[in-house]
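In what follows, residues are counted from 1 in the order of the sequence shown.
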Amino acid sequence: MKRVIACLLILTIACSISLSSAQAAIYPEIPTVGKVDQSDEKVVVIVTAVGEVDDVLKQVATTFPSSKVRKTFKRALNGFSIELLESEVKMLQELNEVERVDKVVEYKANLDGSVPFIGTDNIRGRLDPNGEHLTGKGIKVAVIDTGIDYTHPDLKNNYKGGYDVVDYDRDPMETVVSQGPPTLHGTHVAGIIAANGQVKGVAPEADIYAYRALGPGGQGTTEQVIEAIEKAIEDGVDVLNLSLGNTVNGPDWPTSVALDKAVEEGIVAVTSNGNSGPNMWTVGSPGTSTKAISVGASAPPIKTPFVTIPGLDKEVTLYPIGGTLPWNLKRDFELVEVGHGLKEEWEDVDASGKMVLIKRGMIPFSEKARYALENGAKAVLIYNNLPGSFVGAVEQGVKLPVVSISKEDGEWLLEQLEESKDRQFARTIYRNEEDFIAPFSSRGPVTQTWEVKPDLVAPGVSIDSTVPKGYLGLNGTSMSAPHVAGAAALVKQAHPDWNPDQVKAALMNTAKKLMNEDGEPYYPYEQGAGRLQVDKAIDATTLAYPGAITFGKWTKDDPREKREVTFTIENHDKKTRTYNVKPPFELPDGLQWDVPFATTIKPGKKKEVTVKLDLFPAVLAEGIHHGDIVIEGGKDPISIPYVFFIEEPDYPRAMAFNFGHGDRPGEYRYELYLPGGAEEMGIALYDPDTFQFVKFLDFKEDVGRGMVGKEWDNLDLPDGNYKALIFAKKDGKEDTIESTITIGASLPEEKQSEN
């Protein structure tokens with residue numbers, strides 16, 4: 001039987017959160033431990049090779065005769081996937097012919113108002129160089145996802161082929177019930193790009209090529225995603241969309257490298273940034289790809305509902321859960337609390353005609369909603385069981401308004417219920433909003449490279465699109481990325497000679513800077529260059545790239561130093577242009593810019609311009625510094641966001657912890673990503689009631705950057721819930737993650753929209 005240590009990415013939000021100092025204080029000091037034996041279980045890894053792949057395969061076959069090569073990659077990645085013993089992985093890493101080794105992980109699949117909002121209505125009458133209307137006609141767009149329903153009336157004329165790397169055939173249909181948990185994600189994504197029926201996508205006449213890399217339940221692995229990328233390259237697509245991802249903030253993760261390779265092949269690669277916001281460092285691969293266009297989520301014009309308690313000032317923001325009815329309550333409703341919404345908890349609550357407050361966890365959203373409907377509830381508020389808000393979906397649908405709210409807001413409502421001596425009522429108010437960054441949208445920067453991500457943002461809140469046998473509204477950066485993929489198709493049609501760097505520059509250079517509720521610009525690591533404006537991208541006559549830059553990091557002990565970045569400025573206008581590069585006017589002590597006074601460029605020509613940053617790190621404040629460099633002289637100014645760090649950035653030393661059942665009864669496994677490696681890392685178990693130390697699940701020293709994990713045949717622990725404290729130490733900083741893990745019978749996983 002195939003044995004794979006794989007990351008259950010859908011659970012990341014539910015089980016991965018840094019402890020506050022107050023929380024950490026309740027745990028005893030972590031005991032000293034010795035070495036933990038490595039497992040001899042088989043694992044599947046992705047190998048990035050040095051030199052010719054075939055030569056490396058011969059060496060590997062000789063060194064590891066019991067191993068099994070699964071797939072070879074020669075275009076999207078110079079390497080292969082292989083199954084071998086976990087104890088052999090270290091030896092494999094030490095081969096001279098091997099550049100790096102990464103364990104296979106799993107990926108999860110993260111218009112009427114949004115498509116015109118990004119400027120498509122302004123270009124529908126425009127013609128490309130061949131005299132065709134700008135509709136994406138002739139542009140091949142690959143959708144690497146859960147497959148698509150190519151029989152959908154809005155998509156059937158756009159569908160031109162593809163491949164299924166899950167079942168290995170040329171039928172990339174969405175998973176249907178008879179095959180396992182059904183999917184709809186890829187069809188929704190494809191509709192945003194190119195639906196041409198009741199729903200109109202961004203590029204309604206583009207050719208859609210579907211590659212099913214995520215199977216039942218929207219699950220897929222690293223090797224399936226890379227294989228799909230290779231298939232798309234072989235098919236000669238122009239644009240590639242990956243609305244999927246994991247929580248690994250690493251620039252050299254194999255899927256990120258594969259997207260970089262696709263761009264080098266001349267393909268415009270677009271990927272979602274992730275749904276793990278709003279904190280910094282939450283972007284995940286392949287959103288960490290340097291050359292791809294990573295997209296965060298903003299809001300199109302929407303009527304946002306808020307819930308409040310009459311007489312109180314606080315307003316609770318509601319986030320729609322996909323597959324449920326819109327929230328359009330017109331009057332006050334009594335509010336009642338129903339715990340986790342378990343079947344037995346409804347017996348003691350009169351929910352008929354009332355708004356119910358339910359805590360996330362224990363059972364899927366669909367069951368909570370179904371029980372609420374059966375008990376006559378009018379509407380459902382599901383509050384998070386971890387800090388912050390979340391994105392959710394009920395894939396089978398339920399005819400009841402169901403929304404998510406943050407943990408903090410849920411607990412505030414619960415407090416009002418507990419303090420009230422009479423019945424408590426909730427009132428819905430509505431406010432027209434647009435162009436705010438969705439709280440769930442993952443933020444950058446990228447670890448190690450310190451690059452700005454996302455590159456830009458696009459609508460990803462309440463996006464209606466196609467699904468098998470109908471239409472559905474969903475939230476997520478999965479919905480944002482296809483807006484940009486469709487826009488890239490339009491730009492390619494209008495400018496067929498432009499390469500991926502030029503298309504990316506046009507989209508970023510013309511983006512609209514968004515402001516937060518305080519009237520201040522969002523940070524570069526929140527919005528990148530800004531919100532997509534496809535009409536302006538098509539009309540761009542000046543291009544400057546890269547569209548965002550990083551000057552890296554310094555320490556306080558570093559001497560005064562200059563670092564430089566080179567821009568390429570292209571003049572696509574019909575007349576000569578003179579460009580001026582203007583750094584921020586207000587500068588802190590210890591910082592000075594050196595830029596050229598003026599650069600004159602003739603029509604159809606380009607020049608490289610060097611910008612130097614002169615720093616004296618000792619006098620600058622620790623942390624992230626950011627701003628915009630403005631290039632003037634074209635029809636419109638171009639704003640280039642930048643970042644740099646003083647001292648070691650405060651990125652999490654541990655992230656993406658997942659624990660779950662193995663492939664056979666009684667087996668368990670975990671995974672943890674260390675973005676900078678660790679001098680020490682471990683997993684300590686505690687009794688959830690007394691916080692008494694139980695045992696170490698694992699402990700390692702001097703661990704390199706990347707994913708670590710382990711499998712057990714038998715944990716030798718009584719069944720029940722345990723508090724796990726995951727810790728990692730690096731460069732004088734220790735981060736901890738608190739998680740509740742279950743030994744014994746597993747609880748159903750919650751379904752939620754990824755990316």
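Ion pairing between a basic and an acidic side chain is recognised when a charged N comes within 4.0 Å of a carboxylate O; D167 and R212 show such pairing. For R431 and E315, the salt-bridge test passes: some basic side-chain N is under 4.0 Å from an acidic carboxylate O.
The aromatic ring centroids of F659 and Y668 lie less than 6.0 Å from each other. Taking the six-membered ring where the residue is Trp, the centroids of H152 and Y471 are separated by under 6.0 Å.
With no hydrogens or angles considered, a side-chain donor-acceptor pair links T742 and N721 at under 3.5 Å. Under 3.5 Å, the side chains of S462 and D464 contain no donor-acceptor pair of N or O atoms. Side-chain contact, K723 with T740: a donor N or O sits under 3.5 Å from an acceptor N or O. Checked by atom type, the side-chain pair T255/S285 shows a donor-acceptor distance below 3.5 Å.
Panel note: side chain T477, backbone S480; no donor-acceptor pair is recorded below 3.5 Å. Proximity of a side-chain donor or acceptor of T183 to a complementary backbone N or O of H185 within less than 3.5 Å is not detected. Of the possible polar contacts, one joining the K368 side chain to the H340 backbone as a donor-acceptor pair under 3.5 Å is found. A donor-acceptor pair under 3.5 Å links the side-chain atoms of N249 to the main chain of W281, judged by distance alone. Between the side chain of D145 and the main chain of G186, a donor-acceptor pair closer than 3.5 Å is present. Here the side chain of T282 pairs no donor or acceptor atom with the backbone of S442 at under 3.5 angstrom. A side-chain donor-acceptor contact under 3.5 Å links D154 to the backbone of Q198. Of the possible polar contacts, one joining the E174 side chain to the T187 backbone as a donor-acceptor pair under 3.5 Å is found. Although no hydrogens or angles enter the test, the distance criterion places no donor-acceptor pair under 3.5 Å between the side chain of N658 and the main chain of E671. In this structure, the side chain of E418 does not engage the main chain of E415 through any donor-acceptor pair within 3.5 Å.
In this structure, the salt bridge (Lys or Arg N to Asp or Glu O under 4.0 Å) partners of R531, at least two apart in sequence or on a different chain, are D435. Judged as a ring-ring contact (aromatic ring centres under 6.0 Å, His included), and not counting sequence neighbours, Y722 has no contacts. Residues meeting the ring-ring contact (aromatic ring centres under 6.0 Å, His included) test with Y525, sequence neighbours left out: Y523. In this structure P310 satisfies the side chain to side chain contact (heavy atoms under 4.5 Å, CB included) test together with D332, R427, sequence neighbours excluded.
Among pairs with a residue in residues 297-307, those fulfilling side chain to side chain donor-acceptor pair (under 3.5 Å) read T304-E433, at least two apart in sequence or across chains. Residue pairs satisfying the salt bridge (charged side-chain N to carboxylate O under 4.0 Å, His left out) criterion with at least one member in residues 344-356, sequence neighbours excluded, are listed as follows: E334-K354, D350-K354.
Using cut-offs of 30° and 60° for the angle between ring planes, the F657 and Y670 rings count as tilted.
R423 forms no cation-pi arrangement with F425, by the criterion of a distance under 6.0 Å to the ring centre and an angle within 45° of the ring axis. For the pair K314 and F306, the NZ or CZ position fails the cation-pi test of under 6.0 Å to the six-membered ring centre and within 45 degrees of the ring normal.
The number of heavy atoms from other shown groups lying within 6.0 Å of CD (E517) does not exceed 12. Other residues, nucleotides and ligands place no more than 12 heavy atoms under 6.0 Å from the NZ atom of K378.
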